[in-house]
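Worksheet for the structure shown next.
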There are 2 protein chains.
Amino acid sequence: MGSMQVKTDWIPDAEVRDVYSRQCPCRDLLDMLADKWTALTIGALEDGPRRFGQLRVKLEGISQKMLTQTLRTLERDGLVTRTVYPTVPLRVDYELTELGRSAAEPLAAVRAWSTGNLPQVVTARRAFDQRAADVPQPSS
Amino acid sequence: MGSMQVKTDWIPDAEVRDVYSRQCPCRDLLDMLADKWTALTIGALEDGPRRFGQLRVKLEGISQKMLTQTLRTLERDGLVTRTVYPTVPLRVDYELTELGRSAAEPLAAVRAWSTGNLPQVVTARRAFDQRAADVPQPSS
DNA sequence: CGGGATCCTACTTGATACTG
DNA sequence: CAGTATCAAGTAGGATCCCG
């Protein structure tokens, strides 16, 4: 995701905008969106607001630092809202914005592809590794 | 993407498979797919086979190492085929497999979202940074 | 042209400790 | 609970050089 890019800020016209262009800011946006934790975090918020702790549990294995960082970026980019309830043990809710919900759809498809096509990929890997094991020798 | 994970290899039953589960191999698959260079590379192959050099030009700013690495991973995972033509200056074509084409659709949506929603995101960032600039002081 | 092999740095991420 | 701040370290990724 590139931690905290504050750079560029100019917005190219829609016709010129291109993720394949190195300096187009939308590439950084792609970099932010096409990220494992981003995809999982947004997915975890699809069914409504969630607390920080709930998210940490849901995203098994994520460190609190990564979760915080991911949520901050999403909040700054307008995909998520952060609501603080000044109750005693303190409570913070995260919720998708309209913009966030629009991003949730493509990401859901990516997640679904990952779970749905695991067998095919594993099969392909085995075949590939097998071929690699057969042909290896540069004949020495 | 996690460079070259050779690990796990077992395939959980479809019902149990879950990207939110830390040890489910499909999470690594998500990590591979939800990647900037993967999304761009697969997108660059949507319209048919492309040569290594063509891809390097298309993906502005990618290093040959990253391109090679990305293509190798995609090949191993069965999303892309690699064809070598033993001509003199040597020529190598990369082409999406059926599996690769199925992955291309979700990724195209992610790329489209990035270019299409750049203005909204930039606006949100400005507002966020502005608020941050207003409230900042911990009162010292 | 299309890489493979190295080297090296910088950013990413995790682990800890502390706070409102 | 929900963070922030720091420190340590792993590794992603760029730069180079070389080869078939």
Side-chain angles (χ1 to χ4, degrees), chain A residues 1-7 22 27-28 31-32 34-38 40-41 49-76 80-95 132 135-140, chain B residues 1-7 22 27-28 31-32 34-38 40-41 49-76 80-95 132 135-140:
Chain A
M1 202 183 339
S3 65
M4 292 279 154
Q5 309 123 333
V6 191
K7 16 187 307 186
R22 194 213 303 245
R27 179 183 278 193
D28 293 336
D31 197 22
M32 182 278 287
D35 172 78
K36 176 181 54 174
W37 295 129
T38 298
L40 290 173
T41 301
R50 290 291 185 274
R51 302 186 54 176
F52 185 88
Q54 292 178 303
L55 292 173
R56 176 163 41 175
V57 171
K58 175 81 173 173
L59 307 197
E60 283 184 30
I62 194 174
S63 66
Q64 115 280 46
K65 178 179 179 178
M66 272 312 302
L67 182 55
T68 298
Q69 186 176 301
T70 302
L71 287 169
R72 281 288 170 285
T73 301
L74 290 174
E75 185 195 1
R76 183 167 106 100
V80 158
T81 58
R82 176 173 181 270
T83 309
V84 182
Y85 299 93
T87 58
V88 169
L90 186 57
R91 160 184 184 150
V92 179
D93 272 21
Y94 290 92
E95 183 171 15
V135 197
Q137 309 309 335
S139 76
S140 97
Chain B
M1 201 184 336
S3 66
M4 292 282 155
Q5 308 124 331
V6 192
K7 17 189 306 188
R22 194 210 307 242
R27 177 183 280 192
D28 293 336
D31 198 23
M32 182 277 288
D35 172 78
K36 175 180 55 174
W37 295 129
T38 298
L40 290 172
T41 301
R50 290 292 185 274
R51 301 185 54 176
F52 185 87
Q54 294 179 301
L55 292 173
R56 176 162 42 174
V57 172
K58 176 81 174 174
L59 307 197
E60 283 184 33
I62 192 173
S63 67
Q64 119 280 46
K65 178 181 177 177
M66 271 315 298
L67 181 54
T68 299
Q69 186 176 301
T70 303
L71 287 168
R72 281 290 169 285
T73 301
L74 290 174
E75 186 195 1
R76 183 167 108 99
V80 158
T81 59
R82 177 175 181 267
T83 310
V84 182
Y85 299 92
T87 59
V88 170
L90 186 57
R91 160 185 184 149
V92 179
D93 273 19
Y94 291 91
E95 184 170 14
V135 197
Q137 309 309 335
S139 77
S140 98

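Values in this document were obtained by computation on a predicted structure and should not be read as measured data. Chain letters run A, B, ... following the sequence lines, proteins first and then strands; every chain starts at 1.
Here the straight-line distance linking atom CG of B:Leu40 with atom CD of B:Glu60 works out to 10.5 Å at 0.5 Å rounding. Once rounded to the nearest 0.5 Å, the distance linking CG of A:Leu74 with OG1 of A:Thr81 reads 11.0 Å. Between A:Thr70 atom OG1 and A:Asp35 atom CG the span is 6.5 Å, to the nearest 0.5 Å. Between the CD atom of B:Gln54 and the CG atom of B:Leu59 there is a distance of 11.5 Å, given to the nearest 0.5 Å.
With rounding to whole Å, B:Leu55 atom CG is found 12 Å from C:dG2 atom C1'. In this entry the distance linking CD of B:Gln69 with C1' of C:dA5 reads 13 Å, nearest Å. For the pair B:Asp35 CG and C:dT12 C1', the interatomic distance rounds to 14 Å; values are reported in whole Å. As rounded to whole Å, 12 Å separates atom P of C:dG14 from atom CG of A:Leu59. Note: NZ (A:Lys36) to P (C:dT12) measures 14 Å, nearest angstrom. Look at CG on B:Asp31: it is 9 Å from P on D:dA12, rounded to the nearest Å. The distance between atom CZ of B:Arg91 and atom C1' of D:dG20, rounded to the nearest whole Å, is 18 Å. In this entry the distance linking CG of A:Leu67 with P of C:dT13 reads 13 Å, nearest Å.
At D:dG3, one or more side-chain N or O atoms of A:Arg72 fall inside 4.0 Å of OP1 or OP2 (strictly under the cut-off). The side chain of A:Arg82 places an N or O atom within less than 4.0 Å of a non-bridging phosphate oxygen (OP1 or OP2) of D:dG3.
Map B:Lys65 and A:Gln54 each onto its nearest nucleotide of DNA chain D; the residue landing nearer the 5' end is A:Gln54. A residue-by-residue look at A:Ser63 and A:Val88 shows that A:Ser63 has its nearest nucleotide of DNA chain C further toward the 5' end.
Nearest to the side-chain atoms of B:Met66 among the listed nucleotides C:dG3, C:dC1, D:dG14 stands D:dG14. Here the side chain of A:Leu90 is nearest to one of C:dG2, D:dG13, C:dG20, namely C:dG20. Ranking C:dG2, D:dT4, C:dC1 by closeness to the B:Val92 side chain, first place goes to C:dG2.
At a threshold of 4.0 angstrom between heavy atoms, the contacts of A:Tyr94 are confined to the sugar-phosphate backbone, with no base atom among them. Residue B:Arg51 is in sugar-phosphate contact alone, with no base atom involved, counting any heavy-atom pair closer than 4.0 Å across all strands shown.
You'll find a donor-acceptor pair under 3.5 Å spanning the side chain of B:Gln64 and the base of C:dG4, going by distance alone.
A 4.5 Å side-chain heavy-atom check between B:Thr68 and B:Arg72 finds at least one atom pair inside the cut-off.
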